[in-house]
Structure formats: C-alpha cells, structure tokens
Amino acid sequence: MNTHRPLAEIWGIEDYFPAEVLSNTYFEKTLETNDQWIQERTGIRERRRSQAHETPGFMGTEASKKLLAKTGVKAEEIDLILVATITGDYIFPACTSVIQRDLGAVNAFGFDLSAACSGYLYALETARAYVESGLKKRVLVIAAEKMSSILDYQDRQTCILFGDAGSATLVAPARSSESRIIDSILRMDGTGIPCLFMPAGGSVKPPSVETVQNREHFVKQEGRSVFKRAVQDMANVSVEILERNKISPSDVKCFVPHQANIRIIEAARERLGMPIEKVALNIDRYGNTTAATIPTALLDAERKGQVKKGDLVLLASFGAGFTWGSILLRY
Ligand code: UT7
C-alpha cells in the first residue's frame, strides 16, 4: 500500500482580459457619478468588458491554452477541471463542459463551483483535496466571470464596481517541498444571502416578464453591510491562519486579497500589519472580477517581481453567500 501522501502545488497561472476598457468617465455619461467618487470610494480607475463571444467558457479556455503552453502539460493530461464562476455560459450544463470541449481535455471530468468572490479559494481547496488524496494529478482551476452580463447599468452602486476576466491555475503534485499549498480556512454564513445576490433567474423566481421589468436579473448589493463584514471577516480569517501556522505577517512575502474595494483591502492590510508593498493590487485596472480577482492579482504580482516561486503567500477573500476564507501557500 502506498502511504505517501502527495502535497499540492500551483504549477502556474495564466489570465485572459477582454480588450475593451471602460474607464470611470464612461459612466459619467449616463449616471450621476464621477471619476473622483469612484476612485476615492473604491480605488477603481477602469475595468474590462467582454464582447459577446467572450464568455467565461471562452476566457477560461484561452487562459488554459496559455497555461498549458507555459507549463508544458498537454490537454489530454488534465484529469479534472473546476470552474469557479457565477456567470457561467449556461444555467446548465456546467461551464466546465464548455472548457473541457474547447480545450480538448478528453480525459477530464469536472464541475462548476458557485462561491462568488470566494470561488477561487473554494476551487483551489477542492483541487488540493483531489491532488493530496492521490485521486487526480493535473487539475485545472478556472476562475472566470462575465459580470457585465448581470450588471444593471442603471444602478450606479453596483455597475461601476465589477469587471470581466478569466484565469486558469494548474494544481498538481508538488515537485519539491519548496512549493505547496500549506493550509486553508473556508467559511460560509448563508444569512448574508439578501445582502448580495441576483433575485431572479433561479428556481425561487424563474424568469418572467415581471422579473425582467423589475430588473431582478441583475446583481443587488447592500454595499455598506457587505463592506463591514468584508473588512471584519477577511482580516480575522487572515490573522487566524497565520496564528495557527505560527507565521508572522513579516514572514509573508505577498498578501493577495480579493479586490472589491481598496478601502476594504487597506483595512485588512492594517489589521494584519502588512506593508502596502507586499499587497498584490490590480483593482485599479480591472475592478472587481469576482472569482477571478485573486489569481489575476497573484499573477500580476509575479510579473511585477513582487512574488516568486517558493515565497510565502497569503490569499484572502470575502463575497456573496456570504463566503470567505484564506489560503496559505508557498508559491
Ligand atoms: O466582492 C463582493 C463583496 N463586495 C464588496 O466587498 C463591496 C462592499 N461595498 C463597497 O465596496 C461599498 O459599500 C460601495 C463602493 C458599494 C459603496 O461605497 P460606500 O462608501 O459604502 O457608499 P455608500 O453606499 O455609503 O453611499 C454613500 C453615498 C450615497 O449617497 P447619500 O445617500 O449619502 O446621498 C450613495 O447614494 O454615495 C452615493 N453613491 C454614489 N455616488 C456617486 C453610491 N454609488 C455612487 C456612485 N457615484 N457610483
């Protein structure tokens, strides 16, 4: 019997961003808002918007193709595809089916995972469990969102916040003890549902003329309540994971928080005592891309030289559900 338990490592990450840039001034034309308010209250300068063909399935496939080329792994070698998204190509089948087909990952099975802004952490943890159990060896974790498909462009409180993006992460057995996923804490509090959700389109309220007229197929958010919980829970869970692993914030090379609002990130960073130079930030250029913020910000940090292989990295998220958590890893 093989008693050796493999560790799981991130072998690589790639991203895909639509070319169309929506700057803050774009919204000034149709809404009572302005660039200064958006930058000061959120830290966002611009975000990307997809064209019709740029679905999460498409963006996830494109990011995966780049990732396979970068890591030298063949599509046939992928044995599991997990897709973190709340804006999948269809209600059913899963977005995973689209990516499995378009990538030609003929030996993979997979499923979608709906955990909103914590989707990447939930999926990474699932990938880790499959790899560490020895059940799967090459797991693609896709985090991709077409938030523009569920945004109400008449609602200034939400439409300015979100953007579209795709990413792919390869999780596989660790090649050395230097890089591995170390620990995770994932949480959920379903009482938060009414604070951030899409009221219609599911089985509670199937689509009807009335739901469309009432604009219920869009993101609804109670910004202030979500803000308070995000600050508190993202900071607490980050402190908790460091404490239980006896790691001081000064040992962490890069902190990668979910990118929803620069003020939430600032508050969490301060609570952790993490200097700003160690924080991965891409909210200014891409806004809140829901499941895709953490992998794209982590890749961005790698490209900037903020993080390299083997460095200690702390990921943290908070989102609809409520869902939140943190993952500690050696990159
Ligand atoms: O990723 C999932 C988790 N989501 C989050 O973490 C988001 C959490 N929430 C937030 O980031 C913030 O609450 C928002 C950015 C959504 C809102 O910022 P805020 O500082 O909490 O603003 P507020 O909701 O307290 O509103 C302050 C004022 C209001 O006007 P009154 O009532 O004071 O007259 C809003 O109507 O700002 C107004 N306002 C705007 N003004 C200009 C709201 N949106 C806008 C806007 N432009 N786009």
Side-chain angles (χ1 to χ4, degrees), residues 22-47 84-87 114-122 143-148 150-165 167 186-198 218-238 256-269 271 280-284 286-297 315-326:
L22 290 192
S23 68
N24 290 344
T25 48
Y26 168 87
F27 298 96
E28 292 178 357
K29 292 177 220 147
T30 50
L31 297 169
E32 219 175 289
T33 189
N34 58 74
D35 177 41
Q36 192 188 348
W37 190 96
I38 300 172
Q39 287 210 42
E40 282 177 8
R41 304 307 291 167
T42 72
I44 301 167
R45 275 192 291 118
E46 58 190 42
R47 70 289 291 143
T85 188
I86 54 163
T87 50
S114 173
C117 300
S118 299
Y120 182 70
L121 296 199
Y122 276 42
E145 301 282 9
K146 185 168 183 156
M147 294 304 292
S148 58
I150 57 166
L151 288 178
D152 185 347
Y153 285 95
Q154 292 178 18
D155 177 7
R156 68 175 184 174
Q157 305 203 29
T158 52
C159 72
I160 53 125
L161 299 172
F162 296 92
D164 300 339
S167 70
L186 300 177
R187 299 257 155 79
M188 179 174 268
D189 173 9
T191 64
I193 292 171
C195 296
L196 180 49
F197 75 135
M198 191 169 96
F218 295 124
V219 175
K220 306 284 178 200
Q221 174 170 246
E222 278 175 30
R224 270 180 236 188
S225 351
V226 180
F227 188 99
K228 280 189 205 140
R229 282 293 300 265
V231 167
Q232 173 196 314
D233 292 328
M234 210 160 74
N236 285 349
V237 80
S238 302
V256 192
H258 169 53
Q259 317 272 309
N261 188 316
I262 192 70
R263 293 181 296 133
I264 297 175
I265 296 173
E266 230 351 271
R269 176 191 82 71
R271 176 85 210 287
L281 291 172
N282 69 0
I283 186 170
D284 55 331
Y286 303 115
N288 182 349
T289 57
T290 305
T293 64
I294 293 175
T296 56
L315 316 178
S317 71
F318 185 88
F322 291 131
T323 55
W324 69 102
S326 62

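Note: hydrogens, waters and symmetry copies are ignored here, and every other heavy atom, side chains too, is used. Just so you know, ligand 1 is whichever comes first in the structure, and atom 1 is the first atom listed for that ligand.
Side-chain contact, Gln232 with Asn236: no donor N or O sits under 3.5 Å from an acceptor N or O.
The closest approach between a heavy atom of Thr158 and any atom of ligand 1 is not below 4.0 Å.
Taking any N or O of Leu161, backbone or side chain, none lies under 3.5 Å from an N or O belonging to ligand 1. For a threshold of 3.5 Å applied to N or O pairs, the pair formed by His258 and ligand 1 contains at least one separation below that value. Close N/O approach between Arg41 and ligand 1 is found [any backbone or side-chain N/O within under 3.5 Å].
Cys195 and Phe322 make their closest contact through CB-CZ, 3.7 Å (heavy atoms, listed as atom of the first residue, atom of the second, distance).
At the top of the distance list for atom 35 (C) of ligand 1, counting protein heavy atoms only, stands Arg156 NH2, 3.8 Å. Of the protein's heavy atoms, Trp37 CZ2, 3.4 Å lies nearest to atom 39 (N) of ligand 1. Atom 4 (N) of ligand 1 has its closest protein heavy atom at Gln221 OE1, 3.1 Å.
Each of the atoms 13 (O), 21 (O), 23 (P), 24 (O), 25 (O), 26 (O) of ligand 1 lies under 4.0 Å from some heavy atom of Arg224.
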(Q) Evaluate Phe318 against Val226 for side-chain contact (heavy atoms from CB on, under 4.5 Å), listing each step before the verdict. (A) CA-CA 9 Å; Phe318 185 88; Val226 180; 4.1 Å; yes
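In Thr42, the part holding a heavy atom less than 4.0 Å from any atom of ligand 1 is the side chain. Heavy atoms of Ile38 found under 4.0 angstrom from ligand 1: none, in either backbone or side chain.
Among residues two or more places apart in sequence or in another chain, the salt bridge (charged side-chain N to carboxylate O under 4.0 Å, His left out) test is passed with Asp189 by Arg229.
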